[in-house]
> 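To start, I am sharing the structure in question, which I have written as structure tokens.
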Amino acid sequence: MMRPIRSGPRLATFVVRTSYPFPPMRHLLLFLILLLSAPVSAQPTPPDTRMLLPVPVQANWGKSRFAVKSDFTWQVFTPTQTPETQAADSAVTEAVERLVLPTLLPGKAGTPSRRRASPLPTAALVLQYGRPGNLLTVGDDESYTLRVTPMGVALNANTHLGILRGLATLRQLAQPTKQGLSVLPEVDVVDTPRFPWRGLLIDAARHFMPVAVVKRNLDGMWATKLNVLHWHLSDDQGFRVESKLFPRLHQVGGQGQFYTQRQIREVVRYAGRRGIRVIPELDMPGHATAWLAAYPRLASNDSVYGVSTRWGVLNIAMDPTRETTYSFVDSLLSEVTPLFPDPYFHIGGDENDGRQWRRNPRIVAYMKQNGFVTDKGLPDKHALQAYYNQRVLAMLVRYKKQLVGWDEILGPGLPTSAVIQSWRGKKGLYDAAKAGHQALLSNGYYIDLNLSAASHYSPDPLPQDAPLTPEQQKLILGGEATMWAEFADSVIVDSRIWPRAAAVAERLWSAGTVRNVPDMYRRLALFSPQLETLGLQHRKAPAQLLRQLAGSPAAVPPLRTLAEVLEPVKEYKRHFQGFKYTTQTPLNRLVDAAPAESDVARTFGQLVDSVLVPANGRSAAAFQRHLKTLRAQLQLWKNNDALVQPTLQQNPLLKEYAPLSTNLKTAAALALERLTLLEKGQVPPPATPAAALKQLEALKAPAGQAELAVLPHLRRLVEAK
Ligand code: ACM
């Protein structure tokens, strides 16, 4: 049965329109009001967030709901047909069919019919947009309105990009029913992004990421409204683009692991259909050992390099004094730039201290001859690299590309057309904007460091106290989460990106006032399983690795109990704990199955809070219940050691983690002792637990580059007075 959308009064203005260039007038008004009330402090109070991530500008929830029926139909109204509208229409259709309908009708195989050629919006889901969005214009309109009433769903936008964003919201609303259908809460959403550039860097150079991995992460990006894939395609450890002009780049530099040009076009197209731009990065003149291994004539000295199997900052750089270097780079750019329609091209530019230039008398002489010297007359690597950047920038201008580089490239003489990506601190971001450059924030968004989602949620590209004029503020385009891949291969990379990248996505999309950390975690927990149904493997892959390590099904649960309270050591400490990692090291140990941020540890921390922090109105019964849950958890950890030790001892890959299990047992036992006192009401306890605290301190030692994420919470319990 068709369900015409007619009677819902809130839809009235929407339904009667016969031309579809713009959303209804009252939404335009709302947008105007929002635009005019630009200062963050004047933003409306954040909405009731429910399950939405990122939080939209406005969500007014009704009391009713829309039930998706098995005869569900949908309809899209597009403007007059042109080749651009056809492409936009087909992207919208693909998004509806592949990304949204499987969630609206989870139990139904096949695709519900799309209502064709009906002049009226009579389907259950009606999409309307005014024009195809221009993906390659940074800041093109991504706003949308989404209305769910008991009668159906209306998604309305100025551009098809807005429709793609609204579809991601729609997907989050659907709650599955037992009948294999879904229900959606009644809601009226008005939404638009805060920043136009919301990126995720995927490093395919350190570990190669096959096309399927990139594609499923593009789906995850779509779901969080991220709109830029920054594809880090070359580094010391690999060159990943097929070059027909310089085939040794991918054959030697990529060691056979590279993207063919056809695959690159396919990924760019796939991303484009999700409203995601793709920006390639070819890192130069440093981080370029793979180029030098393929073409030694590019090097700054006579060494013969292999593609690096080591990690770290190598400070090996191209020779910027030879014209042949520039003709090589120019030819390569002439070949590579057409693969990427985006107007921006990233040349890296980071982490080259110039030591190879200073050590080569010929290069030093060149620097002196050309005035690349400091006030004291010493060779100035910054000046030489600035010269290199200017040469490459001129090439990119010819290929109609705008240069993007890491904040090291900022300096006198850099044309303001260069975009600066700040990774070393906020200063680079602000300095760039003050000097007239567009700028992006990545400092604080390094998700490869295994820090908490909360820590990435906090940094804001434009906090209220940003020391910038309104004109300079306009130059801050947004930011990017960075997934550097020294410690992530194609199997576990999803688990290092998701769900934490969604916290960055929200920071870049939602109002600056949306800062409620517990609420972010609550929604992250709802969103994470939705990513699995999109094909992300962030939960599946670590679980599979655990099964592999455990050896037998019976051994899995105790091993999981241990793994889920571990986290890899933070930042880049993994390089410095007596285990030598190379590009060849398999990432198949317990540390690789451990979550970047342990949910179990975090929720245990909340439980500890609920016992230790006096809560208003908490009943004695609730307190007893919390104590009981706490006790059960601690007992589980205490008892787990005996269960898991045989497994740890018999697998050489697991043995190094045995101390962590013992430490968990010891810490849980100490916490249990304290809990007993709390339960007996013997608070404050008879003596300060100095000995226990000393013991806990000793338990902090990592093993196998993993650490016990629950220790700080156990410590709070033991310290409780
Ligand atoms: C960087 O992390 N070296 C940009």
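Just so you know, these numbers come straight off a predicted model, no measurement behind them. Counting convention: from 1, in listed order, for ligands and their atoms alike. The first residue of the sequence shown is numbered 1, and numbering continues consecutively from there.
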> What do you reckon, is NE2 of His382 surrounded by more than 12 foreign heavy atoms closer than 6.0 Å?
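Result for NE2/His382: open.
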> With a 6.0 Å cut-off on ring centres, are Trp231 and Tyr259 close enough?
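Judged by ring-centre distance (under 6.0 Å), Trp231 and Tyr259 do meet the cut-off.
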> Ignoring angles and geometry beyond distance, decide whether Glu351 reaches within less than 3.5 Å of ligand 1 through its nitrogen or oxygen atoms.
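Right, the criterion is met.
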> Are the ring centres of Tyr399 and Phe345 closer than 6.0 Å?
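Centroid distance Tyr399-Phe345: not below 6.0 Å, so no.
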> At a 4.0 Å threshold, what atoms of ligand 1 neighbour a non-hydrogen atom of Tyr446?
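Result: 1 (C), 2 (O), 4 (C).
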> Relative to atom 3 (N) of ligand 1, which among Asp350, Leu201, Asn443 owns the nearest non-hydrogen atom?
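Closest candidate by heavy-atom distance is Asp350.
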> Are there more than 12 heavy atoms of other residues, nucleotides or ligands under 6.0 Å from atom NZ of Lys427?
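No, because the 6.0 Å sphere around NZ of Lys427 holds 12 heavy atoms or fewer from other groups.
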